[in-house]
Asks: 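Quick one: structure below, then a few questions.
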Amino acid sequence: MREFSEDYLHRTREGMWDDSRAALEPLALESRERILDVGCGTGELSRVLAAESPGEVVGCDADPDLLRAAAANAPPIPTVAGDAYRLPFPDDAFDLVVCQALLINLPDPAAALSEFARVSRDLVAAVEPDNGAVEVDSSVGAEDALERRARDAYLDGVATDVALGADAREAFAAADADFEVFETRRYDHVRTVEPPYSEGAVAAARRKATGAGLADDRETMLEGALTAAEYDDLRSEWRAMGRDVIEQMEARAYRRREAVPFFVTVGRV
């Protein structure tokens with residue numbers, strides 16, 4: 001699977017579930033005794049689950065650096081190192097197994113769901129985004145179109161299904177487990193940038209102006225149909241857009257709204 005840094009997870013998941021937790025209602029968190037968060041990363045979802053449930057929440061991830069970061073956060077969540085395909089737990093150890101933005105990074109999401117079913121005696125839930133349906137509204141006119149071009153090129157070069165969210169039912173159906181998928185709810189994770197600008201927003205603008213963010217994704221983007229010449233053209237336009245972002249920030253005029261649709265798909269074993 002693809003790996004992510006603590007900083008990346010913080011930037012992309014910051015504020016998620018702060019505005020509404022209605023999409024998590026089918027998980028019946030108030031009645032759960034033991035919950036497993038697979039691919040917990042730095043523990044953002046684990047802490048939400050713990051806040052909504054009276055039961056025990058356990059985080060599991062294959063990356064020891066992320067588990068150390070999760071343990072350092074408050075409140076601390078018990079964590080275990082483990083592989084999503086071979087969870088280090090006995091059968092029926094939990095009454096809810098959930099993951100967030102994990103299946104989109106796995107080459108075989110159905111196999112992971114089968115393993116989730118093995119250790120769950122009741123529900124399995126997947127909280128997955130549709131990264132192909134991200135919407136951006138920016139005061140810099142070129143930003144939306146350029147981000148769409150860059151995102152499409154990146155998605156074309158990624159081997160896993162990073163737009164799985166809306167179609168997660170198909171992965172449940174393909175799993176080697178008897179699932180009754182009874183609900184899918186949508187949650188839009190909205191991130192805004194407006195004055196006063198955070199340090200993270202300023203750093204992101206600088207990365208656009210230098211092309212650093214696009215450079216990080218160059219190898220993946222060139223795995224798809226994008227040519228090296230097309231990438232160079234895109235990066236040149238991207239850097240010009242980044243300079244416009246910084247100019248508007250200096251005038252306190254820059255605003256940006258990004259909405260990433262997540263789909264909470266719940267199945268009973």
Side-chain angles (χ1 to χ4, degrees), residues 1-5 7-16 39 41 44 100-107 109 126-168 170-171 186-194 200-246 248-249 254-263:
M1 69 171 288
R2 294 185 292 142
E3 296 182 357
F4 300 99
S5 68
D7 177 66
Y8 173 85
L9 293 179
H10 177 73
R11 284 189 287 108
T12 57
R13 300 186 186 182
E14 183 180 16
M16 191 164 179
E44 286 84 358
Q100 177 172 284
L102 172 70
L103 301 183
I104 59 168
N105 299 306
L106 296 178
V127 184
E128 298 293 328
D130 181 351
N131 286 308
V134 177
E135 296 182 355
V136 175
D137 182 15
S138 171
S139 57
V140 172
E143 187 169 14
D144 181 24
L146 284 172
E147 289 211 4
R148 192 179 307 113
R149 282 170 57 190
R151 184 166 53 251
D152 289 347
Y154 182 83
L155 298 184
D156 190 37
V158 174
T160 61
D161 184 1
V162 291
L164 173 75
D167 300 319
E170 296 177 9
R186 174 170 172 160
Y187 169 77
D188 286 342
H189 178 30
V190 177
R191 294 176 289 185
T192 59
V193 177
E194 58 188 8
V202 174
R206 288 178 181 147
R207 285 174 60 81
K208 288 176 180 175
T210 62
L214 223 56
D216 289 345
D217 296 334
R218 182 179 187 276
E219 183 177 347
T220 299
M221 295 170 78
L222 294 181
E223 287 291 324
L226 192 75
T227 67
E230 289 170 336
Y231 168 83
D232 290 340
D233 289 342
L234 175 60
R235 187 163 184 256
S236 177
E237 294 179 59
W238 186 272
R239 293 176 66 186
M241 177 267 291
R243 291 192 291 271
D244 289 341
V245 169
I246 289 177
Q248 286 196 12
M249 277 186 161
Y254 178 65
R255 284 170 175 66
R256 167 192 165 91
R257 180 184 185 276
E258 178 185 76
V260 182
F262 278 77
F263 294 85

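For this chain, numbers begin at 1 and follow the sequence in order. Small disclaimer: the values here were computed from a predicted structure and weren't measured.
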Asks: Tell me the closest heavy-atom pair linking P261 and D188, and the distance in Å.
Replies: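 Minimum heavy-atom contact is CA-OD1, 3.4 Å.
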Asks: How long is the span from the CG atom in D152 to the CE atom in M221, to the nearest 0.5 Å?
Replies: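 If I round to the nearest 0.5 Å, the distance is 9.5 Å.
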Asks: How close do V245 and A205 get, counting heavy atoms only, and between which atoms?
Replies: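 Heavy atoms of V245 and A205 come nearest at CG1-CB, 3.8 Å.
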Asks: Could you list the residues that satisfy side-chain hydrogen bond (donor to acceptor under 3.5 Å, both in side chains) with D156, not counting sequence neighbours?
Replies: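 Counting only residues at least two positions away or on another chain, D156 forms no side-chain hydrogen bond (donor to acceptor under 3.5 Å, both in side chains).
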Asks: Compare every heavy atom of A166 with every heavy atom of F263, then report the nearest pair and how far apart it is.
Replies: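 Closest approach of F263 to A166, heavy atoms only: CD1-N, 3.4 Å.
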Asks: Could you pull out all residues at least two apart from S139 that satisfy side-chain hydrogen bond (donor to acceptor under 3.5 Å, both in side chains)?
Replies: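 Only Q248 meet the side-chain hydrogen bond (donor to acceptor under 3.5 Å, both in side chains) criterion with S139.
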Asks: Would you list the pairs meeting side chain to side chain donor-acceptor pair (under 3.5 Å) in which at least one residue belongs to residues 236-246, sequence neighbours left out?
Replies: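 Non-adjacent pairs meeting side chain to side chain donor-acceptor pair (under 3.5 Å): R149-E237.
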Asks: Which heavy atom in V260 sits nearest to a heavy atom in R191, and how many Å separate them?
Replies: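 Minimum heavy-atom contact is CG2-NH2, 3.9 Å.
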Asks: How would you list, by chain and number, every residue that makes a side chain to side chain contact (heavy atoms under 4.5 Å, CB included) with A259, sequence neighbours excluded?
Replies: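 Partners of A259 by the side chain to side chain contact (heavy atoms under 4.5 Å, CB included) criterion, ordered by chain and then number, come out as V190, R257.
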Asks: List the atom of A150, the atom of L234, and the distance in Å for their closest heavy-atom pair.
Replies: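 Here A150 and L234 meet closest at CA-CD2, 4.0 Å.
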Asks: Evaluate I104 against T160 for side-chain contact (heavy atoms from CB on, under 4.5 Å), listing each step before the verdict.
Replies: CA-CA 6 Å; I104 59 168; T160 61; 5.5 Å; no
Asks: Would a 4.5 Å heavy-atom cut-off, applied to side chains only, mark E147 and V134 as touching?
Replies: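 Heavy-atom side-chain distance check fails, nothing below 4.5 Å.
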Asks: Please report the shortest heavy-atom distance between A163 and G132, naming the atom on each side.
Replies: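 In this case the closest contact between A163 and G132 is CB-N, 4.1 Å.
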Asks: Report the residues that fulfil side-chain hydrogen bond (donor to acceptor under 3.5 Å, both in side chains) with Q100, sequence neighbours left out, ordered by chain and then residue number.
Replies: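 Scan of Q100 (side-chain hydrogen bond (donor to acceptor under 3.5 Å, both in side chains), adjacent residues dropped) gives W17.
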Asks: May I have all residue pairs that pass side chain to side chain donor-acceptor pair (under 3.5 Å) and include part of residues 218-230, sequence neighbours excluded?
Replies: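 Listed by first then second residue: T227-E230.
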Asks: Nearest 0.5 Å please: distance from the CZ atom of F262 over to the CD atom of E128.
Replies: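 CD of E128 is found 8.0 Å from CZ of F262.
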Asks: Under the side chain to side chain contact (heavy atoms under 4.5 Å, CB included) rule, collect the residues that match up with A203, sequence neighbours excluded.
Replies: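 None.
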Asks: Looking at CG of L214 and CG of L146, how far apart are the two atoms once the value is rounded to the nearest 0.5 Å?
Replies: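 Output value for this atom pair is 9.0 Å.
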Asks: Of all residues at least two apart in sequence or in a different chain, which pass the side chain to side chain contact (heavy atoms under 4.5 Å, CB included) check with D144?
Replies: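 Listed in chain order: V136, R148.
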Asks: Which salt bridge (charged side-chain N to carboxylate O under 4.0 Å, His left out) pairs, counting each pair once, include a residue from residues 130-143, with sequence neighbours left out?
Replies: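 Every pair satisfying salt bridge (charged side-chain N to carboxylate O under 4.0 Å, His left out) with a residue in residues 130-143: E143-K208, E143-R256.
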Asks: Once side chain to side chain contact (heavy atoms under 4.5 Å, CB included) is applied, do any residues pair with D167, and if so which ones, sequence neighbours excluded?
Replies: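 D167 satisfies side chain to side chain contact (heavy atoms under 4.5 Å, CB included) with E170 once adjacent residues are dropped.
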Asks: If I take atom CD from residue E194 and atom CZ from residue R255, how far apart are they, to the nearest 0.5 angstrom?
Replies: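 With rounding to 0.5 Å, CD (E194) is 6.0 Å from CZ (R255).
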Asks: State which residues pass salt bridge (charged side-chain N to carboxylate O under 4.0 Å, His left out) with D232; sequence neighbours excluded, sorted by chain then number.
Replies: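 Residues passing salt bridge (charged side-chain N to carboxylate O under 4.0 Å, His left out) with D232: none at all.
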Asks: Could you work out, with ring pair (Phe, Tyr, Trp, His ring centres under 6.0 Å) as the rule, every residue matching Y231, not counting sequence neighbours?
Replies: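 Applying ring pair (Phe, Tyr, Trp, His ring centres under 6.0 Å) to Y231 gives none.
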